[in-house]
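Note that this is a predicted model, so its numbers are computed, not measured. Chain naming here is simple, since letters A, B, ... match the order of the sequence lines and numbering starts at 1 in each.
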Protein chains: 2
Amino acid sequence: MALKNSQPLDPAYLEKLQDYYAEHKVIPSYSVLATLWGISAKSWVSECVRRFEEAGYLDWTPDRQLKPGARFFERRLAHDPVQAGLPNPALADGYDLVTIDDYLIRVPSRTSLVRVKGESMIDAGIHDGDLIVVEQQPNANVGDIVVAIVDNEFTVKYLDREKGTFVLKPANKAFPVIRPRGRLEIFGVMAGLVRRTR
Amino acid sequence: MALKNSQPLDPAYLEKLQDYYAEHKVIPSYSVLATLWGISAKSWVSECVRRFEEAGYLDWTPDRQLKPGARFFERRLAHDPVQAGLPNPALADGYDLVTIDDYLIRVPSRTSLVRVKGESMIDAGIHDGDLIVVEQQPNANVGDIVVAIVDNEFTVKYLDREKGTFVLKPANKAFPVIRPRGRLEIFGVMAGLVRRTR
DNA sequence: CGGTGCACAGAACGATTGTTCGGTAAGCTA
DNA sequence: TAGCTTACCGAACAATCGTTCTGTGCACCG
């Protein structure tokens, strides 16, 4: 006989857990889970956890502590508008798993955020007030968008080369090319962009 | 006599914990923390945790489970280029605490990501391949950037009104205004934007 | 109407948790 | 050199953890 498949679980359970996690950044104990889910038996919590684990929403650390699984953070990356608005997140595909942090940040210890001032990079889709994700490093390649330190301020520009020296080119015809005298101090390279619109 | 101040702790402890958290998304138990930190007495772990809590890096859930504190995720939001590149994250200010997820997402259960196709919104700084953070809701206001379902596909456009009916306006003169026949189906409202550039 | 799953409850239990307390060795101060 | 503080170890302990096993009531099915 084939393996018996477990029934799918109430999606509300997962949502409640995700909400709890969003608030506390931690997976609670079984007894807390029980009250969270309105269940009164830890044994049943255990079974539910087992199924969520089976489905990839929960996982275990090497020390057998419960932790979010690969699919725990997946936010519906909506490719297909057909039935996309359903409250029930159909288990099929159309998902991509990420926290946005993981999507943008590869090396946390070398990554900073810089807020953009002004419109000088607007043709590159970088607007006033946007946050630039910067990987700090002292050098970059021509064509990279870099964050440089000019006159004690951060500037976001394209890095280019003119007659052997580096220059900073804006993405806006109304702004001049910056030709630094002396060494060009590069803070880091742009790795991403974040904008909040409400 | 004034309250006795605790000594600051080895910053390496915090980094190790942050790395562990980045990998597992969970705060480990004291015994795991002990091996993580190379400490052999849980009592000393307890003391270290107390100090991290005092400093705002750790906190407790209402059920007294250890969880990340307010400053645990703080990423340097670099305002001031002076000494910004220092490896030592000076404790002063210049910080803003956020995970990018928290910065962009207010209601996890109603939030989706939609990948943008094409250049029709380029004047709004929305490029091909960008991810739009969408708060799902069935209606919106004129002037909002909305994600609508047109011909079974997602479209990102400005919502506008013409002679009493809603229309979708691109932010690119090369594209036409969309005047839907029948009801306009709105998937949600744009709340943010994420772009990865490397 | 009798069986068979399923969704849950409840008790019992050993393992693990975090706390408390006493101890020690090193370093600074007077 | 005596005394205090600090960084850590180790043992003991009650509380809590997650597991396991045994019910129980309902729904469906023949």
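Aromatic ring pairs are classed by plane angle as parallel below 30°, tilted from 30° to 60° and perpendicular above 60°; the pair Phe52(B) and Tyr57(B) is perpendicular.
Among the nucleotides dC17(D), dC8(C), dT19(D), the one closest to any side-chain atom of Arg64(A) is dT19(D). Distance from the side chain of Ser29(B) is smallest to dG18(C) among dC17(D), dG18(C), dC9(D). For Tyr13(A), counting side-chain heavy atoms from C-beta on, the closest listed nucleotide (dC8(C), dG18(D), dT17(C)) is dC8(C). Comparing atom distances between the Ser40(B) side chain and each of dC9(D), dG10(C), dT19(D) picks out dC9(D) as nearest.
With no hydrogens or angles considered, a side-chain donor-acceptor pair links Ser112(A) and Gln136(A) at under 3.5 Å.
For Leu58(B) and dG18(C), the CG to P distance is 12 Å, given to the nearest whole Å. dT17(C) atom C1' lies 15 Å from atom CG of Asp63(B), rounded to whole Å. What separates CG of Leu33(B) from P of dT16(C) is a distance of 17 Å, to the nearest Å. One can place CD of Glu47(A) at 18 Å from P of dG10(C), the figure rounded to the nearest angstrom. Protein atom CD1 of Ile27(B) is 12 Å distant from nucleotide atom P of dG18(C), rounded to whole Å. At whole-Å resolution of the value, CH2 in Trp44(B) and P in dT24(C) are 18 Å apart.
In this structure, Leu66(A) reaches neither bases nor backbone, as no heavy-atom distance under 4.0 Å exists between it and the strands shown. Across all strands, Ser43(A) comes closer than 4.0 Å to base atoms (heavy-atom distances).
Ion pairing between a basic and an acidic side chain is recognised when a charged N comes within 4.0 Å of a carboxylate O; Arg50(B) and Glu53(B) show no such pairing. Under the 4.0 Å criterion applied to side-chain N and carboxylate O atoms, Lys25(A) and Asp102(B) are assigned as salt-bridge partners. A salt bridge does not link Arg51(A) to Glu54(A): none of the charged side-chain nitrogens sits closer than 4.0 Å to a carboxylate oxygen.
The phosphate of dT19(D) has OP1 or OP2 within less than 4.0 Å of a side-chain N or O from Ser46(A). Regarding contacts with the backbone of dT19(D), a side-chain N or O of Tyr30(A) is found under 4.0 angstrom from either OP1 or OP2. Checking the phosphate oxygens (OP1, OP2) of dT16(C), no side-chain nitrogen or oxygen of Ser31(B) falls inside 4.0 Å. The phosphate of dA7(D) (OP1 or OP2) has a side-chain N or O of Arg51(B) nearer than 4.0 angstrom.
Of the two residues contacting DNA chain D, namely Lys42(B) and Gly38(B), the nearest-nucleotide position lying further toward the 5' end is that of Gly38(B).
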